[in-house]
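Heads up, the thing below is written out as structure tokens.
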Amino acid sequence: MKILVGYKRVVDYNVRIQVKPDGSGVVTDGVKLSANPFDDIALEEALRLREKGLAEEVVIVGIGPADLTAHLRNGLAMGANRAIHVQTTDAVSPLAAARTFLKLIEKEQPSLVILGKQAIDDDANQTGQMLAALWDRPQATFASKVEIAGGKVTVTREVDAGLETIEAELPAVITTDLRLNEPRFIKLPDIMKAKSKPIDVIELGSLGVEVADHIKTTHYAAPPKRSKGVMVKDAAELVAALKQKGLL
Amino acid sequence: MTKILVIAEHLDGKLNGATARAVSAAVATTPESIDVIVLSDAPEAIAAEAAKIEGVSKVLTVARAENAHGLAAVLAPQIAKAAAGYSHVFAPSTTFGKDLAPRVAALLGVSQVSDVMSVEGSHTFKRPIYAGNAIVTVEVDAASTVVATIRTASWPAAASTNSSASVEALTLDVTLPSHTRFVDLQQGKSDRPDLQGAAKVVSGGRGVGSKENFEIIYKFADKIGAGVGASRAAVDAGYCPNEMQVGQTGKIIAPELYMAIGISGAIQHLTGIKDAGTIVAINKDGEAPIFEIADIGLVGDLFKILPELEAAIGQ
Ligand SMILES: Cc1cc2nc3c(=O)[nH]c(=O)nc-3n(C[C@H](O)[C@H](O)[C@H](O)COP(=O)(O)OP(=O)(O)OC[C@H]3O[C@@H](n4cnc5c(N)ncnc54)[C@H](O)[C@@H]3O)c2cc1C
Ligand SMILES: Nc1ncnc2c1ncn2[C@@H]1O[C@H](COP(=O)(O)O)[C@@H](O)[C@H]1O
């Protein structure tokens, strides 16, 4: 079987994001970019399924500008067989991303699509669910365990109440949670090998995807700051301070 | 005309408190009506609870055996059908709402507004991005249905009233998929206050050191009647179960008192507690970033301080 993996590039999770003073966006110039952490987990899971002999091919997908190539090479170095780069300079909403994935699915016919549960830039947490709806297939979001057998996937999901297990017929969409696995590190020789792996470049415009978004972002602001508090010297002072606030 | 449909969340026959928070956001949108939809195999008792929430005009029930476990693939086509005639569909931003609402949105052919923090107008909302490090204002095209999840920590629960809104059974002619099946739910059993509704929360981090040591956190929490949370590092290390994780990818909470014990204060953790009333940090490292946002900080060893606190609080 073939697995399609979402591989988005985002501002690295260690960067402290700054909002531009005029409220027109956040500062991204010169900021470190990395793979969305949930997508590294998605790729790792796909690679493990391939290593177990449950999949033959792992294809990563990135939707974004021309300079996404280096990022996709990282995914290839991690172990993906090939990459699809859907090129666009426009911002892509989760719905447009889902529609794009659907087009690729029609062409690639994967048995499994693994996406991150959320991209840590827009924090939308939508694309996988939307794709599953448009594709009319099962979704197993927030996965912390994935088992495939007999044309079915059994997924343990991290939900507010605890751990939910569901069973879905393939093909299906899975979105990853943090505890699904720990992504491997890229080794130097693999970076060399990745140079010869194929990257298909497709213009988003050529896919006939409706990208117009009916949600517009009109303003960016920094979050309200919490004022700096006080330090107390011992347990007795802390209890006194909490009692004074009526919290104990 | 603004008419809002709120999706009720429930478990084991009881309405989840997050529903009343989503109703608060609906009220802030000043609509003509707010209807709550309950999909379940046995919706009656849940609907009766929902009918008491202040601001609710009507409760719609969809009783089907397939609705027993809240699977998004099963619920979404029913909600998309029921959404005809509504300008807005709201769900709480819990794992239930996050799983379901985007599937509904896609069936309606619209994008979704995730994690609404404030309502600025019927089609204008504020929401966090980049783990809460930026707040954006978004405007939804007036002609399309607004599908949104409501960031529960930003909204108080709408009050419960003595009077009841009317309850109406809905029959939806929708074929449901059978490709997705519920297997089981392992629920953490706890007599402690629920993390998302608790007025006080005590959380432990990697500094607690082990599952056994975590008892000291539970003990202290019980002493002050608090719910118990944890950092991702503590959950990853197996000190406590996943449903206790607080933060960007865990639970976003807004208790009156939050106590971070042996937690360094990574941005992903802080995202989960920004709306807490008073934040207390106990950490042996005076330079830990948690002290930059704590209202009250105490530098020291948690294993020494917690027993001292218990003693100082007394009986
Ligand atoms: C995409 C992504 C999402 C994430 N989501 C979340 C999330 O939802 N929630 C979350 O919490 N994290 C999240 N993280 C992880 C986050 O970045 C941090 O790694 C994590 O919060 C650290 O947990 P910690 O503070 O317990 O551990 P550490 O950073 O290791 O801090 C432990 C602290 O304990 C103190 N300490 C040690 N011993 C003692 C003692 N005896 N007494 C007192 N203090 C002591 C130390 O001084 C230290 O400050 C996420 C990360 C990523 C990349
Ligand atoms: N532009 C993109 N390129 C590749 N994958 C994407 C893109 N946008 C979304 N995805 C996938 O969808 C997941 C969820 O994104 P979101 O719904 O934006 O939070 C991500 O973790 C990716 O796997």
Side-chain angles (χ1 to χ4, degrees), chain A residues 11 13 16-17 19 26 93-95 98 120-126 129-130 132-134 137-139 141-142 144 154 158-169 177-179 213-223 226 228-232 234-236 238-239 241 245 247-248, chain B residues 11 71-73 76 94-95 98-99 102-103 105-107 110-115 128-141 144 179-188 224 232 236 241-243 249 251 256-257 274 278 280 292-298 305 308-309 312-313:
Chain A
V11 172
Y13 76 93
R16 244 178 216 265
I17 277 291
V19 174
V26 298
S93 70
L95 182 60
I120 62 161
D121 49 6
D122 62 19
D123 280 334
N125 196 332
Q126 299 177 22
Q129 297 88 313
M130 290 183 155
L134 301 176
R137 293 304 309 166
Q139 73 187 45
T141 53
F142 325 146
S144 66
T154 305
E158 292 204 359
V159 295
D160 289 340
L163 293 171
E164 183 190 65
T165 304
I166 63 171
E167 192 179 87
E169 285 161 23
D177 217 317
L178 290 172
R179 275 173 285 276
D213 196 10
H214 48 267
I215 300 183
K216 280 186 187 56
T217 301
T218 55
H219 186 71
Y220 291 74
R226 288 186 78 101
K228 198 159 166 53
V230 296
M231 298 300 284
V232 293
D234 58 23
L238 176 53
V239 169
K245 284 178 175 256
L247 291 166
L248 279 181
Chain B
L11 184 63
L71 293 168
T94 52
T95 52
K98 287 175 179 173
D99 185 41
R103 190 157 183 137
L107 292 177
V110 297
S111 288
Q112 171 184 289
V113 183
S114 298
D115 303 316
I129 57 172
Y130 289 103
N133 287 304
I135 310 296
V136 288
T137 307
V138 296
E139 259 176 53
V140 185
D141 186 280
S144 38
H179 52 48
T180 311
R181 290 172 292 272
F182 172 84
V183 178
D184 71 13
L185 174 65
Q186 283 174 34
Q187 278 192 69
I224 64 166
R232 175 186 167 196
D236 283 0
N242 67 284
E243 65 266 22
T249 50
K251 287 177 178 154
E256 286 162 36
L257 172 65
K274 282 204 170 119
T278 298
V280 173
E292 283 163 34
I293 63 123
D295 299 288
I296 309 175
L298 175 50
I305 291 171
E308 286 173 1
L309 278 176
I313 292 165

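Numbers restart at 1 for each chain; the letters A, B, ... are given by sequence-line order, proteins then strands. Side chains included, hydrogens not; waters and symmetry mates left out as well; all remaining heavy atoms used.
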(request) Considering only heavy atoms and a distance below 4.5 Å, find which of B:A106, B:P241, B:A105, B:G132 pairs most often with chain A. (result) B:A106
(request) Of all the heavy-atom pairs spanning B:E243 and B:G188, show the shortest one and how long it is. (result) OE2-CA, 3.2 Å
(message) So A:L95 and B:Q112, do their side chains get closer than 4.5 Å, heavy atoms only?
(response) no
(request) Identify which of A:A124, A:A241, A:A222, A:S144 forms the greatest number of heavy-atom pairs closer than 4.5 Å to chain B. (result) A:A124
(message) I'd like to know if B:R181 pairs up with A:E167 as an ion pair, taking the criterion as any Lys NZ or Arg NE/NH1/NH2 lying under 4.0 Å from an Asp or Glu carboxylate oxygen.
(response) yes
(message) Given heavy-atom pairs under 4.5 angstrom as the criterion, report whether the side chain, backbone, both or neither of B:V280 touches chain A.
(response) side chain
(request) Select one option (side chain, backbone, both, neither) describing which atoms of B:K251 are under 4.5 Å from chain A's heavy atoms. (result) side chain
(request) Measure A:F142 against the heavy atoms of chain B and call it side chain, backbone, both or neither at under 4.5 Å. (result) side chain
(request) Name the option with the most non-hydrogen atom pairs under 4.5 Å to chain B; the candidates are A:R179, A:E158, A:E169, A:R137. (result) A:R179
(request) Sort A:S93 into side chain, backbone, both or neither according to what part of it lies under 4.5 angstrom from a heavy atom of chain B. (result) side chain
(request) Considering only heavy atoms and a distance below 4.5 Å, find which of B:L71, B:N242, B:T94 pairs most often with chain A. (result) B:N242
(request) Using non-hydrogen atoms and a 4.5 Å limit, figure out which bit of A:D213 sits close to chain B: side chain, backbone, both or neither. (result) side chain
(request) Please determine, among A:P138, A:G162, A:A236, the option with the most heavy-atom pairs under 4.5 Å with chain B. (result) A:P138
(request) Heavy atoms only, distances under 4.5 angstrom: which of A:L248, A:L238, A:N125 has the most pairs with chain B? Name it, please. (result) A:L238
(message) A side-chain contact here means heavy atoms from C-beta on lying under 4.5 Å apart; do B:R232 and A:L178 qualify?
(response) yes
(message) Just so I understand: if I count every heavy-atom pair under 4.5 Å between each of B:A73, B:P128, B:A131 and chain A, which residue has the most?
(response) B:A131
(message) Under 4.5 Å from any heavy atom of chain A, what part of B:L298 do you find: side chain, backbone, both or neither?
(response) both
(request) Please identify each residue that fulfils side-chain contact (heavy atoms from CB on, under 4.5 Å) with B:D184, with sequence neighbours left out. (result) A:T165
(message) Counting only non-hydrogen atoms closer than 4.5 Å, does A:V230 touch chain B with its backbone (N, CA, C, O), its side chain (CB onward), both, or neither?
(response) both
(request) Go through the atoms of B:T249 and report whether side chain, backbone, both or neither lie under 4.5 Å from a heavy atom of chain A. (result) both
(request) Determine the option with the most heavy-atom pairs under 4.5 angstrom with chain B, choosing from A:D122, A:I215, A:I166, A:V239. (result) A:I215
(request) Sort A:A98 into side chain, backbone, both or neither according to what part of it lies under 4.5 angstrom from a heavy atom of chain B. (result) neither
(message) Counting only non-hydrogen atoms closer than 4.5 Å, does B:A76 touch chain A with its backbone (N, CA, C, O), its side chain (CB onward), both, or neither?
(response) neither
(message) Between B:V136, B:D115, B:L107, who has the most heavy-atom pairs with chain A when the cutoff is under 4.5 Å?
(response) B:V136
(request) Pick whichever of A:V232, A:D177, A:T217 has the most heavy-atom pairs under 4.5 Å with chain B. (result) A:V232
(message) With a 4.5 angstrom heavy-atom cut-off, is it the side chain or the backbone of B:L11 that approaches chain A, or both, or neither?
(response) side chain
(request) Would you mind telling me which of B:I296, B:V113, B:I293 has the largest number of heavy-atom pairs within less than 4.5 Å of chain A? (result) B:I296
(request) Go through the atoms of A:V26 and report whether side chain, backbone, both or neither lie under 4.5 Å from a heavy atom of chain B. (result) side chain
(request) With a 4.5 Å cut-off on heavy-atom pairs, point out which of B:I305, B:V183, B:D141 contacts chain A the most. (result) B:V183
(message) Between A:P94 and chain B, with a heavy-atom cut-off of 4.5 Å, which part of the residue counts as in contact: side chain, backbone, both or neither?
(response) neither
